[in-house]
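Data first, discussion second: the structure below is written as structure tokens.
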Amino acid sequence: NAGVTQTPKFQVLKTGQSMTLQCAQDMNHEYMSWYRQDPGMGLRLIHYSVGAGITDQGEVPNGYNVSRSTTEDFPLRLLSAAPSQTSVYFCASEAGGPHNEQFFGPGTRLTVL
Amino acid sequence: AQRVTQPEKLLSVFKGAPVELKCNYSYSGSPELFWYVQYSRQRLQLLLRHISRESIKGFTADLNKGETSFHLKKPFAQEEDSAMYYCALYSSASKIIFGSGTRLSIRP
């Protein structure tokens, strides 16, 4: 079991460029989420999904799109990168239910110039 | 509004001293609370959950509904406890609300 994997580990973009952060899990978890981690602000939820074909917005969704065509994959798309999107991005998956833990990926460090 | 507050950005204590990382929450229902930890160069991982009433690595956390708190405690700090700690509130499936985090530094 690889758990939750994320690619790339590091990325530098120029303002206005677009890109997709990849996230995959092999635990057959229904629930997946994307967070961004910023100093002094903790982790903030960007988008989440409760199953294939179902996505919803979190706390800070603007500038990001997601899709969930399979249980395994949950890519995060930056439509037109801005310096404010410089952050560390974490993907997480969860089996479901209030007593289940979130399993996190290793993170993607994104810098937008 | 659902919210998790960790008032301390940094907590520095000596090895062997007691540790208490504060967490307060705002939630209208019956809360499900967790502590997550991120050690240097490692993934964020679950430390403990209040529903289990467990002690992990010597840490415990008690839910106090009257004070809406879920403080993390350890009687004797160890150097390997140095890490970033996040208090988290389960809002709904795949929707966890995290606090801003407290960096714990254990001095030798």
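Just so you know, these numbers come straight off a predicted model, no measurement behind them. Here is how names work: the chains are called A, B, and so on, in the same order as the sequence lines, proteins then strands, and each is numbered from 1.
Residue B/Phe76 places its CZ atom among 12 or fewer non-hydrogen atoms of other residues, nucleotides or ligands, all under 6.0 Å distant. Heavy-atom neighbours of B/Glu67 CD from other residues, nucleotides or ligands within 6.0 Å: at or below the threshold of 12. Atom CZ of A/Arg44 has more than 12 neighbouring heavy atoms from other residues, nucleotides or ligands inside a 6.0 Å radius. Within 6.0 Å of atom CZ in B/Arg3, 12 or fewer heavy atoms from other residues, nucleotides or ligands are found, so the atom counts as exposed in its surroundings.
For the atom pair CD of A/Glu101 and CD1 of B/Ile96, the computed distance is 11.0 Å after rounding to the nearest 0.5 Å. Here the CG atom belonging to A/Leu43 is positioned 9.0 Å from the CE atom belonging to B/Met84, to the nearest 0.5 angstrom. Between atom CZ of residue A/Phe104 and atom OH of residue B/Tyr36 there is a gap of 5.5 Å, rounded to the nearest 0.5 Å.
In terms of heavy-atom pairs under 4.5 Å with chain B, the best-connected choice from A/His29, A/Gln37, A/Glu30 is A/Gln37. Comparing B/Ala88, B/Gly101, B/Ser100 by how many heavy-atom pairs each has under 4.5 Å with chain A, the most go to B/Ser100.
Judged by distance alone, with hydrogens and angles left aside, the side-chain atoms of B/Arg43 form no donor-acceptor pair with the main-chain N or O of A/Gly107 at under 3.5 Å.
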Take B/Tyr90 and A/Glu94 through the test side-chain hydrogen bond (donor to acceptor under 3.5 Å, both in side chains) and record every step on the way to the result.
CA-CA 12 Å; B/Tyr90 188 96; A/Glu94 176 194 336; 3.3 Å; yes

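Residues B/Leu104 and B/Leu44 do not share a hydrophobic cluster, defined by chaining ILVMFWY side chains whose heavy atoms lie under 4.5 Å apart. Neither B/Ile97 nor A/Tyr48 shares a network with the other; the hydrophobic side chains, linked directly or stepwise wherever heavy atoms of I, L, V, M, F, W or Y lie under 4.5 Å apart, form separate groups for each. No path of Ile, Leu, Val, Met, Phe, Trp and Tyr side chains, each step under 4.5 Å between heavy atoms, connects B/Leu89 with B/Tyr86, placing them in separate hydrophobic clusters.
Here the side chains of A/Leu45 and B/Lys95 are in contact, with some heavy-atom distance below 4.5 Å.
Residue contact with chain A, scored on non-hydrogen atoms closer than 4.5 Å, is absent for B/Gln2. Contacts between A/Phe90 and chain B at a heavy-atom distance below 4.5 Å involve the side chain alone, from C-beta outward.
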